[in-house]
2 protein chains.
Amino acid sequence: MEFQKRTITCGELRPKDAGRTVILNGWVNARRDYGGVIFIDLRDRNGVTQCVVDSSATPLLAPSIKDVRNEWVVWVKGLVRMRENPNPNIPTGLIEIIAEDIGIINSADVTPFEIVDDLGTNEELRLEYRYLDLRRRVLQKNFEVRNTLYQITHQFFAEEGFTEVETPVLTKSTPEGARDYLVPSRVNKGRFYALPQSPQLFKQLLMVSGFDKYMQIVKCFRDEDLRADRQPEFTQIDVEMSFVDQEDIIALTERFIARVWHEVLDVKLTMPLRRISYEDAMNLYGSDKPDLRLSGEIVDVTASSATSGFSVFTNAVESGGVVKAFVASGSASFSRKQIDELTEHARTYGAKGMPWLKYSNGEITGSFAKAIDQSELQAIIKNVGAADGDLIVFAAGEWERSCIVLGALRQKIAIQNGEFERVADSYALCWVTEFPLLEYSDEEKRWVARHHPFTSPMSADVALLTTDPSRARAMAYDLVINGYEAAGGSIRIHKNEVQNEIFSLLGMSNDEAQTKFGFLLKALRYGAPPHGGIAFGFDRLVMVLVGTDNIRDVVAFPKTTSGLSLMDGCPTPVAQSQLDQLGIQVKASS
Amino acid sequence: MEFQKRTITCGELRPKDAGRTVILNGWVNARRDYGGVIFIDLRDRNGVTQCVVDSSATPLLAPSIKDVRNEWVVWVKGLVRMRENPNPNIPTGLIEIIAEDIGIINSADVTPFEIVDDLGTNEELRLEYRYLDLRRRVLQKNFEVRNTLYQITHQFFAEEGFTEVETPVLTKSTPEGARDYLVPSRVNKGRFYALPQSPQLFKQLLMVSGFDKYMQIVKCFRDEDLRADRQPEFTQIDVEMSFVDQEDIIALTERFIARVWHEVLDVKLTMPLRRISYEDAMNLYGSDKPDLRLSGEIVDVTASSATSGFSVFTNAVESGGVVKAFVASGSASFSRKQIDELTEHARTYGAKGMPWLKYSNGEITGSFAKAIDQSELQAIIKNVGAADGDLIVFAAGEWERSCIVLGALRQKIAIQNGEFERVADSYALCWVTEFPLLEYSDEEKRWVARHHPFTSPMSADVALLTTDPSRARAMAYDLVINGYEAAGGSIRIHKNEVQNEIFSLLGMSNDEAQTKFGFLLKALRYGAPPHGGIAFGFDRLVMVLVGTDNIRDVVAFPKTTSGLSLMDGCPTPVAQSQLDQLGIQVKASS
């Protein structure tokens, strides 16, 4: 187990070091055997250095390393010298080590896939051998960015006067929306802890305690059916401040994000960011997290559609709905197949169909072109602002549904016409504000909180809570980056009576409110300051910064979408004795 | 809900600010009513500022705040002026605000205990109202130190080239020693995740991946029967490095600790720290975490006891045991009651009794003074190095037990003679090294790993694994501060065959080793570098730095020793539907 410890890493040697004797430790990245001369590229996280074994100079060395193959761990001692054939593509490419001695530290089986950036291997195999997958430079870089983001975050919030406080992981189960992960208590049998979906209540209590400015980088947990970009556990930057309003939180966030973009990407963002109300975001982009990198805005043609010859439009208007259109610039060349894909996509989002027109070489064609006369077609083209060469897609019906359908089509068209590749290296950030406080759940037949039940209504809309709750807006705000919700927050309720009123609006009885949130209601009676905060999706931020759509590229040991860790096989069955101690049993599957 | 936002905090105003008009936000810390003049001390986390309401100048103001009592939240706008009666004890004591306007932001019920540092209230009530408890300055200061320690930690390890990596919280259950907290999987019914007792295996896998230097401040979980100084979830600074030996980890730790003591306490520690082998620590202090602040060392009198007239001593020697003594300097004045307490304490630690002698005014008395002749008594006194005025306590029998008994007595005597108060502000740090690799579990009838099964034996002792495992020492090291284990670590096994050998020594079958740790054994076959690390008890470090023995003083929302959160009542029963979804049920209690 003895080895000669490195005196320098594999990424640091430069021409100025020529003449030094050094020791390197690392992995064999490549071995090239030319009879009398063997080249070994030695790798560590810092880089790769070429080592040369020259049989004429060190005749015993080559035999001693005859078994050494890729991924073996070795130490190399030798003299740094200039290379005859420099490699200008790597920082150490001008020098090499002429080996005087080499020792084998550990051997390696042949790896199930090559340790290279550009890998065709399926993700399952990579996840099973995650420790080898993580040797790949392309992944290591992601974790360097992730590390940089940790450092900037800690520094920034410390400089802004925030106190880091850790909140519990073993908490009380108060499911609202997503399911909790539960942890059976051994000491208090029949009772359970829950893993926190967010430290929301704890950070509010810290404000009641007078902590003033709180932050934490913290793991949160949601037992949801996972989508490709979700993990059962995820990390957020959790922030809360007292004696502030929405402007303070937004300004703080903008300072933070500007610093991150500057330090990580060397990109100077223009601040303040554009703000879009929820209503405008839906009307213009059909989404509450619009991707502003993409071209085109949705236009409303409800007024002019009232007298249309196309019954789909007039029916929509007559039943109080809307008619909206999206002009896909230059996409008149889309094939029938592409149009069919778009129509299918619209249906996925709840549309009955997808009316469309093409304006090409002065001619207007499309799904309903023959149903109406030429003058109306001309008027529509003019109305939506289309130019020759454009494709126009329509949605007619209920407002929110129509917006969402066109928002989805805007995205799909961008995929089809390659716009995402063209905008890949750009960043479009904005705030979406003035969210509805509540939304009606048809499933639960009651109002549910859109953000969470602790969000304050806008002062101007408090009266609406009793008259028309659907129209009450929240003091809530989302930071949207490239179509992702990168952060979300709100000003919280700090008055006991307002919190009670909201609980009651959400259909919670007094008893239920006391059982679930009695400690919060009580805390609000002992001098709670006005407060608000925001939470950043840490994994999401890293994804945007490194430019990946796969969350598993930025999480060291991720789970699959079925919540499995392919490396160690968890979750696993456990010993009966463990369950007995916890006083629980697994139900026979029915 | 409108309020005038502060322009400055309650801790910042100084004489140079006289003449400025400012707005403060905060809690009423005290209200003193002198008829025409009302004094309000306004508090936030930064300090307290005196505000004056003068009825002659602002006649409408006093009536508007007539209901305002302690802990109400208000804003005060007014002019800063010099105080007529300055208070030199607080930084803002030279100025006051003459209030022009005051607004009530939130009211407060009368708090169940006063918000003062020196509080007689029982801890249960304080934990139930933790958000009020945390308003007390004495606790807030602890969290400021905790915050400082986070910052220093992140900075230090970043500067040393470490990468922060987050490891999973939902992990595989591989209980070794302490019990795991389990988390039932909904998607994979009948299977469970476990909360990590430490990220040990993940950090080793990161070394296999070539991360080189890893650190993380991370929550860990142990479902143990809690002691007063334990919490079910605790925080550690987790560190791992590749291509290093024990000296590298120790040197890194000493740089870190020196910086912490310097920056937090302004104390310059002398480095390198003293190192004591496990064997010496037991022989001299009767503990593997000796408190070096306390005076006195244990002395061995086995040799001279072989021919003693006291049968307890001779019997011990004859049966291969030891006779050891501890001289309590100046404690000959201990009362019979104190001696009885010591004897009882020795019994708690497994002694059959506690032989003792007093040397006072030239006379030797004690529990066995009459059993042996005066010349032997004189010889013993000389042998143990006692002076007139000293108390000497003895332990005779098996080596480890005798050491532990005297170590416990050394502590107990220090409590009795007030030594802990005298050393309260001092710090004694040392390394304990050369721990036994294994210890025999009488309960399980097999060897168990003393540190954990991934610890490397010392190179010199590898051969002992097959001949005499009990004597094999580990490459493990503990940092001990004031008698606490503040950090512990080891060099790990990086060879597949050695790891297999250790598993087999621990009585694990091949199948069992594969089921539990197959992924690690596999990883060790693909080029694992030599590596080792250390983990610091973060809560423990903060406790030492702020000088408390109560872990709940440094954890924001702690649990009781029965694992309860008195604030929100968790753990709680959960809805049957939640259990149904998880496919588990609570067993009827038998």
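Chain letters run A, B, ... following the sequence lines, proteins first and then strands; every chain starts at 1.
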Ranked by heavy-atom pairs below 4.5 Å to chain B, first place among A/L139, A/D225, A/T148 goes to A/D225
Report which part of A/D580 has an atom under 4.5 Å of a heavy atom belonging to chain B: side chain, backbone, both, or neither.
both
With chain A as the partner, which of B/A575, B/S562, B/S173, B/A108 has the greatest number of non-hydrogen pairs under 4.5 Å?
B/A108
Quick one: what part of A/L170 sits under 4.5 Å from any heavy atom of chain B, side chain, backbone, both or neither?
both
Any side-chain heavy-atom pair from B/P530 and A/F3 closer than 4.5 angstrom?
yes
Of the backbone (N, CA, C, O) and the side chain (C-beta and beyond), which part of A/T171 lies under 4.5 Å from a heavy atom of chain B, both, or neither?
backbone
Looking at B/D212 and A/R6, is there a salt bridge between them, counting it only when a charged N and a carboxylate O are closer than 4.0 Å?
yes
Choice from B/D245, B/V165, B/V187 maximising heavy atom contacts with chain A below 4.5 Å
B/D245
If you count heavy-atom pairs under 4.5 Å with chain B, which of A/L132, A/L524, A/V555, A/V244 comes out on top?
A/L132
Answer yes or no: is there a side-chain heavy-atom contact under 4.5 Å between B/P184 and A/P184?
yes
Given that the side chain runs from C-beta out, which part of A/E224 has a heavy atom under 4.5 Å from chain B: side chain, backbone, both or neither?
backbone
With respect to chain B, which residue among A/F202, A/Y131, A/F519 yields the maximal number of heavy-atom pairs within a distance under 4.5 Å?
A/Y131
Among A/Y193, A/Y526, A/W72, who wins on heavy-atom pairs under 4.5 Å with chain B?
A/Y526
Closer than 3.5 angstrom, by distance alone: can the side chain of A/R191 be matched with the main-chain N or O of B/V574 as a donor-acceptor pair?
no
So, are B/E164 and A/R146 salt-bridged, with charged N and O less than 4.0 Å apart?
no
Among A/L134, A/V586, A/D109, which has the most heavy-atom pairs under 4.5 Å with chain B?
A/D109
Under 4.5 Å to a heavy atom of chain B? For A/S565 that would be neither
Non-hydrogen atoms of chain B under 4.5 Å away: do they reach the side chain of A/F211, the backbone, both or neither?
both
Are B/M567 and A/K522 packed together at the side-chain level, in the sense that at least one heavy-atom pair is separated by less than 4.5 angstrom?
no
Between B/P529 and A/W27, is there a side-chain heavy-atom distance shorter than 4.5 Å?
yes
Taking the side chain as every heavy atom from C-beta outward, state whether A/Q578 and B/R179 have any atom pair closer than 4.5 Å.
no
Flag, side chain of A/K495 to backbone of B/I105, donor-acceptor distance under 3.5 Å:
yes
Strictly by modelled atom types, are A/E144 and B/T163 linked by a side-chain donor-acceptor pair under 3.5 Å?
no
Would you check if B/I584 and A/F192 make a side-chain contact, meaning some heavy-atom pair closer than 4.5 Å?
yes
Honestly, the part of B/L582 sitting under 4.5 Å from a heavy atom of chain A is side chain
State, with a plain yes or no, whether a side-chain heavy atom of B/Q151 is found less than 4.5 Å away from one of A/Q155.
no
Pick whichever of B/N25, B/V110, B/I491, B/V73 has the most heavy-atom pairs under 4.5 Å with chain A.
B/N25
Counting only heavy atoms closer than 4.5 Å, note whether A/F557 contacts chain B via side chain, backbone, both or neither.
both
Got a donor-acceptor contact below 3.5 angstrom from the A/N106 side chain to the B/H494 backbone?
yes
For A/S242, is it the side chain, the backbone, both, or neither that has a heavy atom closer than 4.5 Å to a heavy atom of chain B?
backbone
Note: vs chain B, highest number of non-hydrogen pairs under 4.5 angstrom among A/K516, A/E71, A/K5 is A/K5
Can you tell if the side chain of B/L579 reaches within under 4.5 Å of the side chain of A/K587, non-hydrogen atoms only?
no
Testing the basics here: between A/E166 and B/T235, what is the closest heavy-atom pair and its distance to 0.1 Å?
OE1-OG1, 2.8 Å
Residue part contacting chain B, namely of A/R43, when any heavy atom lies under 4.5 Å
neither
Among B/Q231, B/K189, B/K559, residue most engaged with chain A (heavy-atom pairs, under 4.5 Å):
B/K559
salt_bridge(B/D568, A/K172) N-O dist < 4.0 Å:
no
Where on A/V183 is there a heavy atom nearer than 4.5 Å to chain B: the side chain, the backbone, both, or neither?
both
Would you mind telling me which of B/F517, B/F243, B/W75 has the largest number of heavy-atom pairs within less than 4.5 Å of chain A?
B/F243
Under a 4.5 Å heavy-atom cutoff, which of B/L206, B/L520, B/D180, B/I115 has the most pairs with chain A?
B/L206
